[in-house]
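To keep things clear, I will list the structure first and then write my remarks on it.
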Amino acid sequence: MNEVGIDSGSSLHTVESVGEAPVLRPVSVRAKCSSNVQSTPEIEKKYVHGVYDAIAPHFSSTRFAKWPKVSAFLSSLSPGSLILDAGCGNGKYLGLNPDCFFIGCDISVALINICADKEQEVLVADAVNLPYRTGFGDAAISIAVLHHLSTESRRRKAVEELVRVVKKGGCVLITVWAREQEDSSLIEKWTPLNQRYVEEWIGPGSPRVRNPSSPRILESIPEAEENSAGEQLKGLHANSAKVKSAEVMHPTSLDEGQSLPTGSEKGYPEQQEFFVPWHLPYHRAEVSGASAVALASGLAKKDDKKGSVVYNRYYHVFSEGELERLVSGLDNAILVDRFYDKSNWCIILEKTL
């Protein structure tokens, strides 16, 4: 693996190996990063990190299609550009533009091992504390990552990190799941978080469930629906131009007259904190002992009818305008594009300072 520019003015790291994957272990944290942002909440450890480590092989097998908008962004970058993929998952975008260089990172050791097996340039790292020096990359992407961070302050910090690690003039593409799902019936298959989990989050920036619901029986989402809900970005907006690193684009609004479902008609007005199930077939679950541990601890459930272990994944789904508000306070970047595509809110930022 090539040398990675570690921010010597931020935090010190040592490099270890977990299997085949390089892991950067922080020795100290940035002084400017408050402890409540730096510390990973238990709900993320259990229902994001732990889940993706357990389902990594199966998850990876379903993640191969390239989203057209992301592909267009990466293909538009200048030859020789260094692109940083924060939350790279199984690495499906790493190397998409053969004329550019890619480095990916993810919090899941299991997913990073999958990338390492493909000889991709990857490391284990946290989205709120990226291990690169300031201005290291020419562009950065964060695809379906921010919605796994459980507080507004952590989501904002992740955005700040993405902007920090790119050069002046560099662009950052961010996509998140939308509260306004095109197929609003999918929300019925999600489990709204109840008070038990809300109580874990105390302090500024903590999410609040506005209309707590009683616990519901967990339902698994068929893979076809799962892919449609969260990972397929298709149907480019006619008015959206390709991103060019030296070109500033104007914000793109929704098509005139287009209306989005809110889900309120389904009984969850303004609800944004959910558990979204992942259906792991029994024969896949047996590959790793993680599922047995998860079942014993109550972090997963059996679905004998479908022959699977069902895991809960934590999501904060974004409402319309929320992603723009999250980045509105940045003093070193401007919003150059925004769009809604296949149940995802997406923005492109350009670093100005």
Side-chain angles (χ1 to χ4, degrees), residues 41 43-44 47-48 51 67 69-70 87 127 142-156 158-159 173-195 197-198 201 205-216 218-221 225-235 237 251-255 257-278 312-328 335 337-349:
I43 196 164
E44 292 177 34
Y47 298 104
V48 181
V51 170
W67 303 355
K69 279 287 190 179
V70 180
S142 172
I143 310 302
V145 175
L146 261 61
H147 51 230
H148 287 309
L149 302 178
S150 58
T151 68
E152 182 178 335
S153 58
R154 286 174 60 76
R155 295 188 285 271
R156 184 181 299 110
V159 172
L173 170 64
I174 301 171
T175 78
V176 296
W177 277 23
R179 176 65 181 80
E180 300 79 6
Q181 291 286 302
E182 290 182 347
D183 181 0
S184 59
S185 66
L186 283 175
I187 300 176
E188 279 291 284
K189 296 184 172 73
W190 302 350
T191 304
L193 268 65
N194 58 32
Q195 192 63 30
Y197 299 106
V198 175
W201 305 327
S206 297
R208 294 287 179 265
V209 176
R210 299 173 180 85
N211 292 277
S213 301
S214 57
R216 301 163 60 235
L218 185 65
E219 301 176 65
S220 58
I221 298 179
E225 293 182 5
E226 172 71 26
N227 292 342
S228 174
E231 295 282 336
Q232 291 183 347
L233 280 170
K234 295 180 180 178
H237 279 275
T252 303
S253 59
L254 298 174
D255 295 339
Q258 181 181 0
S259 61
L260 297 173
T262 64
S264 59
E265 69 276 9
K266 297 297 182 180
Y268 306 129
E270 300 186 58
Q271 174 73 33
Q272 291 181 258
E273 316 301 325
F274 290 94
F275 280 148
V276 178
W278 182 269
N312 283 318
R313 295 173 296 157
Y314 166 77
Y315 278 80
H316 167 88
V317 290
F318 281 65
S319 60
E320 181 176 6
E322 182 179 357
L323 190 53
E324 291 91 322
R325 291 191 297 273
L326 188 68
V327 305
S328 63
L335 179 68
D337 197 12
R338 64 175 292 273
F339 48 95
Y340 173 88
D341 200 1
K342 297 297 180 183
S343 298
N344 287 260
W345 289 114
C346 315
I347 61 170
I348 296 172
L349 302 171

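We're numbering straight along the sequence, starting at 1. These numbers come from a predicted model, not from an experiment.
- The pair Arg338-Glu324 meets the salt-bridge criterion, with a side-chain N (NZ, NE, NH1 or NH2) lying under 4.0 Å from an Asp/Glu carboxylate O.
- Between Glu180 and Glu320, the shortest heavy-atom distance links the atoms OE2-N, 2.9 Å.
- In terms of heavy atoms, Pro277 sits closest to Arg313 at O-NH2, 3.6 Å.
- Side-chain atoms of Ile347 and Leu335, non-hydrogen and from C-beta on, do get closer than 4.5 Å to each other.
- Side-chain contact check for Tyr314 versus Phe275: some heavy-atom pair is nearer than 4.5 Å.
- Note that the NZ atom of Lys69 and the CG atom of Asn344 stand 12.5 Å from one another [nearest 0.5 Å].
- For the atom pair CD (Gln271) and CG (Leu193), the distance works out to 7.0 Å, reported to the nearest 0.5 Å.
- Here the straight-line distance linking atom CG of Leu323 with atom CG of Leu146 works out to 7.0 Å at 0.5 Å rounding.
- Residue Glu152 forms a salt bridge (charged side-chain N to carboxylate O under 4.0 Å, His left out) with just one option from Arg155, Arg156, Arg154, and that option is Arg156.
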message: Before you tell me yes or no, could you show the steps for Gln272 and His147 under side-chain hydrogen bond (donor to acceptor under 3.5 Å, both in side chains), namely the whole-Å CA-CA distance, both residues' side-chain angles and the distance that decides it to 0.1 Å?
response: CA-CA 10 Å; Gln272 291 181 258; His147 51 230; over 6 Å; no
field: Evaluation steps, ring-ring contact (aromatic ring centres under 6.0 Å, His included), between Tyr340 and Trp345
entry: CA-CA 5 Å; Tyr340 173 88; Trp345 289 114; 4.8 Å; yes
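- Rounding to the nearest 0.5 Å gives a distance of 7.5 Å between OG of Ser343 and CG of Leu186.
- Within the 4.5 Å cutoff, the side chain of His316 has no heavy atoms near those of the Ser150 side chain.
- The aromatic rings of Tyr315 and Trp177 lie parallel to each other, their planes meeting at an angle below 30°, with 60° marking the opposite boundary.
- The side chain to side chain contact (heavy atoms under 4.5 Å, CB included) test with Ser142 singles out one residue from Ile174, Val176, Thr175, and that residue is Ile174.
- The closest side-chain heavy-atom distance from Glu44 to His148 is not below 4.5 Å.
- Looking at heavy atoms from C-beta onward, Phe318 lies in side-chain contact with Leu326 at the 4.5 angstrom threshold.
- Two residues are said to be in side-chain contact when any heavy atoms from C-beta on lie closer than 4.5 Å; Asp337 and Leu173 fail this criterion.
- Note: Phe274 CZ to Asn312 CG = 13.0 Å, rounded to the nearest 0.5 Å.
- Atom CG of Asp183 is separated from atom NZ of Lys189 by 7.0 Å, given to the nearest 0.5 angstrom.
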